[in-house]
Trainee: 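I'd like to ask you about the structure that follows.
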Amino acid sequence: MNGNRAATWVDGTSADLVADALALGVKASPRMVTSWVEDGMLANPEPRKTSAHGSDPRVFPPEQRELFTRLLEARERSPLGRIPQRSLIRVVLYLWLIDDTVVLTPQARRAWRTHARATGQTTAVRRSENVRAIVEQLAHPSASHKQRRAAQLVLEEGERTGRIDLDRLTSVLTELHSPWPVQPGMPRVERARPGPFGPVTVQHHIAMWKARQQTIRRLRHEEIDEPELDRVRAVYRPMWADYQARRPALAAIGAGEFASYFAEPDTLEGRAIEAVDAFVGTLAGELGLIEAASHAAETARLRLAR
């Protein structure tokens, strides 16, 4: 948060933050500052009592005033004109993940809610493109157009509604992944795709999708309290640090097909996306959602195999 220039930051009121924005040539208002607080982009300002009968306007601590300016600067530097708020909120969450001084957990909880609400909010065209990429990733080369189309429709429905019909999803993805006719009296032949950490079954993909959706839903409704977020962050940090330390070796081992999987992002936004996604996965595991989703996916597979 030190940026590229030396600066001494002091407490500031909402009006001070608006003045900071205007000094950057950015339009701002007290309502904008309030909106950033509600969304978790900023912490709640703190009361500053100055007399026995009253108090001055609430103030933001120096770290938050600097955060406000740095986020505005990042937004204005974007070659796209302006970075979407969902990208900036990931930077706020990234700071919470790596540091205990700038973004505190009450602010982070609101930021997670904002992030969760933005997750999946995209146009029908973009949603279709994203799902088509997943279908092509999972599809066996001999999967038919009908099998690919069936999988895409079910995935699109799940992305649009946030609801997953496990039996239906298992059926279409199994057909897509292992598109061979079932022989009478013989079990279905199901393949596992190579992955950076070993073979991956279609049930694994289904379980992770379901677990992540459930985690995002809980974050969206603020069903995960601050002590739990702090606890899972304490679990996440050493795990993520260990992965970062092993990353070069993993990239060397996975040279070729999986080398790009371990490539480190070269931008702050890229690092934020990666770290936030990893925390959501850790949270899903710590809440027991991955285990429950894996059991449900396997049960759906067994029903299909009958």
Side-chain angles (χ1 to χ4, degrees), residues 38-40 80 82-90 93 109-140 143-179 193 200-224 269 272-274 276-285 287-301 303-304:
E38 292 171 350
D39 291 340
L80 302 176
R82 281 194 175 181
I83 298 176
Q85 183 167 321
R86 64 179 177 272
S87 296
L88 293 179
I89 207 71
R90 281 193 292 255
L93 291 170
R109 190 182 184 200
R110 297 195 305 276
W112 278 115
R113 179 193 63 199
T114 301
H115 170 72
R117 287 177 176 175
T119 299
Q121 288 187 359
T122 185
T123 65
V125 172
R126 177 61 62 86
R127 184 164 52 241
S128 181
E129 291 174 350
N130 292 341
V131 167
R132 189 178 299 114
I134 294 172
V135 168
E136 290 306 312
Q137 176 190 2
L138 296 179
H140 187 273
S144 68
H145 173 75
K146 181 179 179 180
Q147 289 167 327
R148 294 169 190 263
R149 183 60 179 163
Q152 176 149 349
L153 291 174
V154 172
L155 286 168
E156 284 183 358
E157 181 181 356
E159 288 291 317
R160 186 179 66 255
T161 65
R163 295 188 295 273
I164 299 175
D165 183 334
L166 272 185
D167 288 339
R168 188 177 173 210
L169 183 63
T170 298
S171 176
V172 297
L173 290 189
T174 299
E175 290 281 341
L176 178 76
H177 206 239
S178 306
R193 294 182 71 253
V200 181
T201 65
V202 73
Q203 282 74 38
H204 172 80
H205 288 288
I206 293 171
M208 292 304 298
W209 190 36
K210 180 177 177 64
R212 291 182 74 87
Q213 278 204 336
Q214 290 177 322
T215 305
I216 290 296
R217 183 165 58 248
R218 293 192 184 188
L219 290 168
R220 183 182 300 128
H221 297 291
E222 292 188 271
E223 295 174 1
I224 304 172
E269 184 180 1
I273 290 172
E274 186 181 63
V276 166
D277 286 349
F279 179 81
V280 171
T282 303
L283 188 57
L287 295 176
L289 297 176
I290 293 177
E291 182 178 0
S294 297
H295 177 73
E298 178 61 15
T299 300
R301 184 191 73 81
R303 281 197 297 267
L304 180 65

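This structure is a prediction, so every number in the text was calculated from the model and none was measured.
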Trainee: Just wondering, do Leu219 and Leu283 contact through their side chains at under 4.5 Å, heavy atoms?
Mentor: yes

Trainee: Is there a side-chain contact between Leu155 and Trp209 (heavy atoms, below 4.5 Å)?
Mentor: yes

Trainee: Which atom pair, heavy atoms only, marks the closest approach of Ala293 to Ala207?
Mentor: CB-O, 3.3 Å

Trainee: Distance check, rounded to the nearest 0.5 Å: Arg212 atom CZ versus Thr215 atom OG1?
Mentor: 7.5 Å

Trainee: Which heavy atom of Leu166 sits nearest a heavy atom of Ala297, and at what distance?
Mentor: CD1-N, 4.2 Å

Trainee: Compare every heavy atom of Leu304 with every heavy atom of Ser171, then report the nearest pair and how far apart it is.
Mentor: CA-CD2, 4.0 Å

Trainee: Check whether Arg148 reaches the backbone of Ala143 with its side chain - one donor and one acceptor, N or O, closer than 3.5 Å.
Mentor: yes

Trainee: What distance separates Leu289 CG from Met208 CE, expressed to the nearest 0.5 Å?
Mentor: 10.5 Å

Trainee: Assess whether side-chain hydrogen bond (donor to acceptor under 3.5 Å, both in side chains) is satisfied between Arg110 and Thr114, documenting all intermediate values.
Mentor: CA-CA 6 Å; Arg110 297 195 305 276; Thr114 301; over 6 Å; no

Trainee: Start with the C-alpha gap between Leu287 and Gln214, add the side-chain angles, then the distance that decides, and say whether side-chain contact (heavy atoms from CB on, under 4.5 Å) holds.
Mentor: CA-CA 10 Å; Leu287 295 176; Gln214 290 177 322; over 6 Å; no

Trainee: Taking C-beta and beyond as the side chain, do Glu298 and His295 meet within less than 4.5 Å on heavy atoms?
Mentor: no

Trainee: May I ask you to test the Val135-Leu176 pair for a side-chain heavy-atom distance under 4.5 Å?
Mentor: yes

Trainee: Under 3.5 Å, is there a donor-acceptor pair between the Arg303 and Thr299 side chains?
Mentor: no

Trainee: Nearest 0.5 Å please: distance from the CZ atom of Arg132 over to the CZ atom of Arg149.
Mentor: 8.0 Å

Trainee: Around atom NE2 of His221, are there more than 12 heavy atoms of other residues, nucleotides or ligands at under 6.0 Å?
Mentor: yes

Trainee: Do NZ/NE/NH1/NH2 and the carboxylate oxygens of Glu129 and Arg126 come within less than 4.0 Å?
Mentor: yes

Trainee: Would you say Leu169 and Lys210 make side-chain contact, with heavy atoms under 4.5 Å?
Mentor: no

Trainee: So do the side chains of Trp112 and Val276 get within less than 4.5 Å of each other, counting heavy atoms only?
Mentor: yes

Trainee: Give me the atom names and distance for the closest heavy-atom approach of Ala300 to Asp167.
Mentor: CB-OD1, 3.6 Å

Trainee: Any side-chain heavy atom of Arg113 within less than 4.5 Å of one from Glu223?
Mentor: no

Trainee: Check whether the side chains of Thr170 and Gln203 place a donor and an acceptor atom closer than 3.5 Å, and report yes or no.
Mentor: no

Trainee: Is there a donor-acceptor pair closer than 3.5 Å between any side-chain N or O of Ser294 and the backbone N or O of Ile290?
Mentor: yes

Trainee: Would Arg301 and Val202 count as a side-chain contact (heavy atoms from CB on, under 4.5 Å) here? Give the steps.
Mentor: CA-CA 10 Å; Arg301 184 191 73 81; Val202 73; over 6 Å; no

Trainee: Pick from His140, Gln152, Glu175: which one makes a side-chain hydrogen bond (donor to acceptor under 3.5 Å, both in side chains) with Gln147?
Mentor: Glu175

Trainee: More than 12 heavy atoms of other residues, nucleotides or ligands under 6.0 Å from CD of Glu136: yes or no?
Mentor: yes

Trainee: Say you draw a straight line from OG1 of Thr161 to CD of Gln213; how long is it, rounded to the nearest 0.5 Å?
Mentor: 7.5 Å

Trainee: Can you tell me how far CD of Glu159 sits from CD1 of Ile164, rounded to the nearest 0.5 angstrom?
Mentor: 8.5 Å

Trainee: Please check: side-chain N/O of Arg109 versus main-chain N/O of Ile224, any donor-acceptor pairing under 3.5 Å?
Mentor: yes

